[in-house]
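The chain is numbered in sequence order, starting from 1. Values in this document were obtained by computation on a predicted structure and should not be read as measured data. For ligands, and for the atoms within them, numbers begin at 1 and follow the listed sequence.
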Amino acid sequence: MNKEDAKIRIAKLRASIDEYRHAYHVLDQATISDAALDSLKHELYKLEQEFPDLITPDSPTQRVGGTPLDKFEKVTHEKPMLSMEDVFTLSEFGEWFDRIHKLSNATTFFLMPKIDGLAVSIVYVDGLLSSAATRGDGKIGEDVTTNVRTIESVPLRLGVGKGGTVEVRGEIYIATDDFKKLNDAQAAKDEPLFANPRNAAAGSVRQLDPKVTASRHLSFVAWDLVTDLGQTTQAEEWEILRNLGFKPTPDSIVVSTVEEIQAHWKSLQMKRDGLGFWVDGMVVRVNDNAAYDGLGVVGKTPRGLVAWKFPAEEVTSVVRDIQWFVGRTGAITPVAVLEPTQLGGTTVQHASLHNFDEIQRLDVRVGDTVVLYKAGDIIPKVKGVVVGLRANGAKEANVPKECPVCGSPVERKEGEVAIVCSNRQCSAQNQEAVLHAARAFAIDGIGPATIATLMDAGIIQLPPDLFKLIPDDFVGLEGFGEVSANKLVDEIQARKEIPLAKFIVALGIRNVGEETARDLAKRFRTIDALMAATLDDLTAVPQVGAIVAQSVVDFFADEHHRDIVAAYVANGIQIVVPQLTTHNQPLTNRSFVLTGGLDTMSREEAKEKIRALGGDLSESVSKKTAYVIVGTDPGSKFEKAKSLGVPILSENEFIAMLASL
Ligand SMILES: [Zn+2]
């Protein structure tokens, strides 16, 4: 290709790549596959290598062009980056609201989620990205231009021609999915995990090597157009930001009354886990810019702006005790028993400590004041100890030498952090194992209390014993009469037929969850074949890695577990072999998400239909989701699907789709 042709081709490639980038990262619309986009980028890169003088700073190839820095330069903000006043309750918010009405003629308010990330200011000169800086102390920040250039949702060139200087401020954040991936990767490399997405975003922006920043998949939303481009309200600002090529903070609306503000605050709080990014509250700003400016600044915070925080995701509490619990695999895990406290809207009194290494790492002692946090889990975690508040004689935890339930000696396997109870007959292990099996067999009528009662009375010992139960076994047991005993036994007997995948789940093999069980069932087709499988047989299954393969081999190498399988069969369990798929599977590689209730079938039935056609099911909506099926009273997944532009199917549309395949 000669230089003239190359010039034309390069210009076209840049325009297309930028269009796709904007659609994907700013508008959340996938218009081309990642692979195809990479291919375009590669072609552009090669052409630019051939004609290096055609490289321009706004070329998509120049996002990661910088060399590692020795240190960050200081930058003075033209206009200081102010902070926000926080309020925590409706009455505190009401005071702010009343004050605004007294001091100004503001009538409307602009609401937006407060995304938990790192605030930056980005300056464009004559339409080209010129510099980017962190907030720092508000007056002086750090120059992070090369790193901000790597963020795909930041335009390198403004979407509409603007001469002179344009300054845009916003938040760099890491999406919830990307945060999880980042921590998984950190764990795989044995590197420390990030405590939360904000730390991860801040740590990723403050990297001297821009390649590291680029690998972290950061995102950016704008929340302030500093330069006057004729905007008179915050809502107008959002429109201008969009035209300039930015993604303004989503889920933003204009309202008037305190009731509307409270309703939006509640609705954001309800769906915060499904937003795809971390939010710690809602920002309320006077919508009218003249009124906003007129209200002025008190100290470092503007009067016309307030952050109404969500209930804390981090609190402190006192450790009353450290107790040890025995799980179904025999693993003995420590749990901190706490002074009851409010966290994320619920009362918590336990926090997971994972294992003894974690206790030592945190140096948690009984009597310590600890910082707790929730990271998407039900049971909160201990983030750290407030050492300054440690009482004299705070007791260090000891690793139990014996199982706290059965008193047998504990074992610690070579290279593993978990300690386990060595006793096969340990009632705590078996109780958990029976409960786990009952759930896999979908026996709804039996819960932990009934299982404990039956085990204490010596009526059952192991999971297969459930299927030997007869109504007479319940005579004289607390909480059971003739009717309820008959009902439970009938239910158990009705569950004797079980698909192989569910049976594998029921066995409770370490590292084997529902999806893996399904893969194993598909490949091996009988429990005997699975029991006979070698490491090589297992790793040959797609999606089965070395750890899972080893877990399966170890499990069946144990006589005790083979006995359990035999006992199930002896007690009349029928393991249903999965149908061989002879018909074509038109939904292969398509991922579905279900939300809300369905009228004509149960969710399980819908899932089976999808799987039978080769489709996959997922719990969360992402850009990779093929369809979201929306029933009655859908949850936040519906909102997420809409915001990501994922195709949405009603129940009728789903049925029509199945019929058409
Ligand atoms: Zn034990």
* To do: Under the side chain to side chain contact (heavy atoms under 4.5 Å, CB included) rule, what do T526 and I575 come out as? Steps first, then yes or no, please.
  => CA-CA 8 Å; T526 68; I575 304 164; over 6 Å; no
* Applying side chain to side chain donor-acceptor pair (under 3.5 Å), which residue pairs with at least one partner in residues 465-487 are found, sequence neighbours left out? -> none
* Structure fact -> Residue set satisfying side chain to side chain donor-acceptor pair (under 3.5 Å) with E396, at least two apart, ordered chain then number -> none
* H561 side chain to F555 main-chain N or O, any donor-acceptor pair under 3.5 Å? -> yes
For residues 594-603, dump all side-chain donor-acceptor pairs below 3.5 Å to protein atoms at least two apart in sequence or in another chain.
{"unit_1": "T595", "atom_1": "OG1", "unit_2": "G635", "atom_2": "N", "d": "2.9"}
{"unit_1": "T600", "atom_1": "OG1", "unit_2": "E651", "atom_2": "OE2", "d": "2.6"}
{"unit_1": "S602", "atom_1": "OG", "unit_2": "E604", "atom_2": "N", "d": "3.4"}
{"unit_1": "S602", "atom_1": "OG", "unit_2": "E605", "atom_2": "N", "d": "3.1"}
{"unit_1": "R603", "atom_1": "NH1", "unit_2": "G596", "atom_2": "O", "d": "2.9"}

* Asked: Which residues and atoms, counting only protein N, O or S, are under 2.8 Å from the Zn ion (ligand 1)?
  -> C403 SG, C406 SG, C421 SG, C426 SG
* Answer yes or no: is there an ion pair linking D363 with R390, defined by an N-O contact shorter than 4.0 Å? => yes
